[in-house]
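Since the structure is predicted, the reported quantities are computational estimates derived from the model, not experimental observations. We're numbering straight along the sequence, starting at 1.
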Amino acid sequence: MKFKRLFVGILLCILAVLIPQGVSAQATVSKKIVLTPATVNETHGSVWIDVSAKLKNVVSIEVKRGKIKKTADKYWKDCEKEDIYLYYNKETKTTESTFFAYENGTYSVRLTVKSGKKYVNYITVKNLAPVSERGKMTARITGVSEPDSKGNYTITADYKANITMSFSDLKGKKVGDVISVNGRKVEITGILTMVDAYTTKEQKKVDDNTECVVVFPKKASDFYDTSDEYYSYILENPDSAAFGFIRSFNSKDVFVAYEDYDYWADGGDYYVPLTDTVYTDVKLKVTAKTNVKLAYSPTDRLSGTDYFAVWNGTKEIEGVYIMPQVDVHIYEKVSKDGQFTDTVSEIVEIYTP
């Protein structure tokens, strides 16, 4: 009997040494984390994933592509963890956050609490549809037909592309250098990096840390329609023609031109990109199956026919207001053979305060 107890004791000691502690916890996803997409309908560009966790004192959240069921650090190399906002809701006793999925596939989330304990869960996104080159551009709807016999509408739209520069074209440039933006000359007047959410720092030249390159156009009319009353302020104050190339949130290799770059420099939001008109008078069909996402209510969606009935003033929907001069993204449906059609799958209003 004593021998049996001794044998069992030795066996347990051996197992304790051989089996790493916490393996079972590392290999199990946590039901405390709930991941919910903003929509399960066909959508484009990205889908917003809501993170809700029955956890307190969460100190970090990390996101990585792929189905990851383990919490150990070796499985979370090269994960995304910067600029992901965390909020603790005292009423629901949950920690909340969001992230964007830009491609179909599985995304895993790891949360770490103050004690060091880690929790994981994952979600599979499969409702992101292909985006045409026009769909990547900003559009302005310039005309809406009356509904046809089936209740569908024909819209007319102009498309504008953001003015951008690649990092490779900016790298190493200094204040005072004159560079070309698609054949248009600008002078670099400032190079900035972000120290914290509200503080910027001047740099001598553009490098990997640069977040904003401020430029002044040699000719304001190259970038602004100075015949438009909206831009009369530039004629009255020529110094206001300066704008900034801000590093893209989606790609570290792309800098996007913004008129209101100074709001970014002051730690605020920026919404007004500089654009070039690329396509005009494009005709497209809108049906009841077209989804419309409103700028001021991004989680709510309307059918295309309801949206344009409100636009034309033939229908009222409580809480829905149409602003005809707002910029939008227009995404076309794809045919079975993979070709983009002239029927609209989704319209997304772009929020501009």
Side-chain angles (χ1 to χ4, degrees), residues 39 41-46 129-164 221-232 234 256-260 271-298 300-335 339-353:
T39 180
N41 295 330
E42 180 177 282
T43 192
H44 304 75
S46 65
V131 177
S132 68
E133 285 304 310
R134 286 197 307 224
K136 297 175 184 176
M137 299 179 185
T138 301
R140 179 68 62 87
I141 298 172
T142 58
V144 180
S145 72
E146 293 298 318
D148 62 18
S149 59
K150 295 182 179 179
N152 300 327
Y153 293 83
T154 297
I155 62 172
T156 305
D158 293 343
Y159 287 84
K160 301 174 291 182
N162 289 346
I163 296 175
T164 63
S221 59
D222 281 345
F223 298 93
Y224 304 93
D225 181 5
T226 50
S227 64
D228 188 328
E229 185 178 351
Y230 175 81
Y231 288 117
S232 60
I234 291 177
V256 182
Y258 284 89
E259 291 180 42
D260 53 349
Y271 297 96
V272 189
L274 278 173
T275 58
D276 287 328
T277 300
V278 180
Y279 301 104
T280 59
D281 296 328
V282 177
K283 306 291 184 184
L284 297 163
K285 297 176 184 178
V286 173
T287 72
K289 292 184 178 181
T290 300
N291 286 314
V292 180
K293 185 161 62 174
L294 303 176
Y296 52 86
S297 184
D300 295 332
R301 291 167 181 266
L302 295 177
S303 72
T305 49
D306 281 346
Y307 180 79
F308 286 106
V310 175
W311 178 301
N312 280 346
T314 57
K315 187 171 186 175
E316 290 186 8
I317 300 176
E318 186 176 355
V320 175
Y321 307 95
I322 306 301
M323 297 172 283
Q325 297 306 308
V326 71
D327 285 336
V328 298
H329 285 297
I330 302 175
Y331 301 107
E332 304 102 319
K333 289 191 73 66
V334 178
S335 64
Q339 300 299 310
F340 290 102
T341 68
D342 63 354
T343 299
V344 179
S345 171
E346 185 176 40
I347 296 174
V348 178
E349 291 185 340
I350 299 172
Y351 178 73
T352 305

Checklist entry - Taking it one step at a time, do L294 and Y351 satisfy side-chain contact (heavy atoms from CB on, under 4.5 Å)? => result CA-CA 8 Å; L294 303 176; Y351 178 73; over 6 Å; no
Item to check | Nearest atoms (heavy-atom pairs only) where D281 meets D158 | outcome: N-OD1, 2.9 Å
Next on the checklist: Determine whether F223 and E259 satisfy the following criterion, side-chain contact (heavy atoms from CB on, under 4.5 Å), listing intermediate values before the conclusion.
Outcome noted: CA-CA 10 Å; F223 298 93; E259 291 180 42; over 6 Å; no
Next on the checklist: In terms of relative ring orientation, are F308 and Y153 parallel, tilted or perpendicular, with 30° and 60° separating the classes?
Outcome noted: tilted
Next on the checklist: What I want to check is whether the side chains of K283 and T156 have a donor and an acceptor closer together than 3.5 Å.
Outcome noted: yes
Next on the checklist: Once side-chain contact (heavy atoms from CB on, under 4.5 Å) is applied, do any residues pair with Q325, and if so which ones, sequence neighbours excluded?
Outcome noted: R140
Next on the checklist: Using only atom types and a distance under 3.5 Å, with no angle test, would you say the side chain of N162 pairs donor to acceptor with the backbone of T164?
Outcome noted: no
Checklist entry - When rounded to the nearest 0.5 angstrom, what is the spacing between CD1 in I317 and CD1 in I322? => result 7.5 Å
Item to check | Matching residue for E346 among N291, T43, T290 - test: side chain to side chain donor-acceptor pair (under 3.5 Å) | outcome: T43
Checklist entry - Listed by chain and number, what are the salt bridge (charged side-chain N to carboxylate O under 4.0 Å, His left out) partners of K160, not counting sequence neighbours? => result D327
Checklist outcome for this item: Residues at least two apart in sequence or cross-chain that pass side-chain contact (heavy atoms from CB on, under 4.5 Å) with K333, listed by chain then number, are E42, T341, T343, S345
Next on the checklist: If you compare all heavy atoms of E332 against all heavy atoms of L284, which two are closest, and at what distance to 0.1 Å?
Outcome noted: CG-CD2, 4.3 Å
Checklist entry - Got a second to check how far D342's CG is from S335's OG, nearest 0.5 Å? => result 11.0 Å
Item to check | Least distance between heavy atoms, V131 atom then F340 atom | outcome: C-CZ, 3.5 Å
Checklist entry - For the residue pair Y231 and T226, what are the closest heavy atoms and their distance? => result CB-CA, 4.3 Å
Checklist outcome for this item: So CG of N41 and CZ of R301: to nearest 0.5 Å the spacing works out to 6.5 Å
Item to check | Test item: H329 side-chain N/O and M137 main-chain N/O as donor-acceptor pair under 3.5 Å | outcome: yes
Checklist entry - Looking at CH2 of W311 and CD1 of I155, how far apart are the two atoms once the value is rounded to the nearest 0.5 Å? => result 8.0 Å
Checklist entry - Do Y224 and L274 pass the side-chain contact (heavy atoms from CB on, under 4.5 Å) test, and can you show the C-alpha distance, the side-chain angles, and the key distance before you say yes or no? => result CA-CA 8 Å; Y224 304 93; L274 278 173; 3.7 Å; yes
Checklist entry - To the nearest 0.5 Å, how far apart are CG in D148 and NZ in K285? => result 9.0 Å
Checklist outcome for this item: What one should report as the nearest heavy-atom pair of Y159 and I330 is OH-CB, 3.8 Å
Checklist outcome for this item: Closest non-hydrogen atoms of S303 and A288, given as atom of the first, atom of the second and distance, are CB-O, 3.3 Å
Next on the checklist: Just verifying a value: how many Å separate I141 CD1 and E349 CD, rounded to the nearest 0.5 Å?
Outcome noted: 8.0 Å
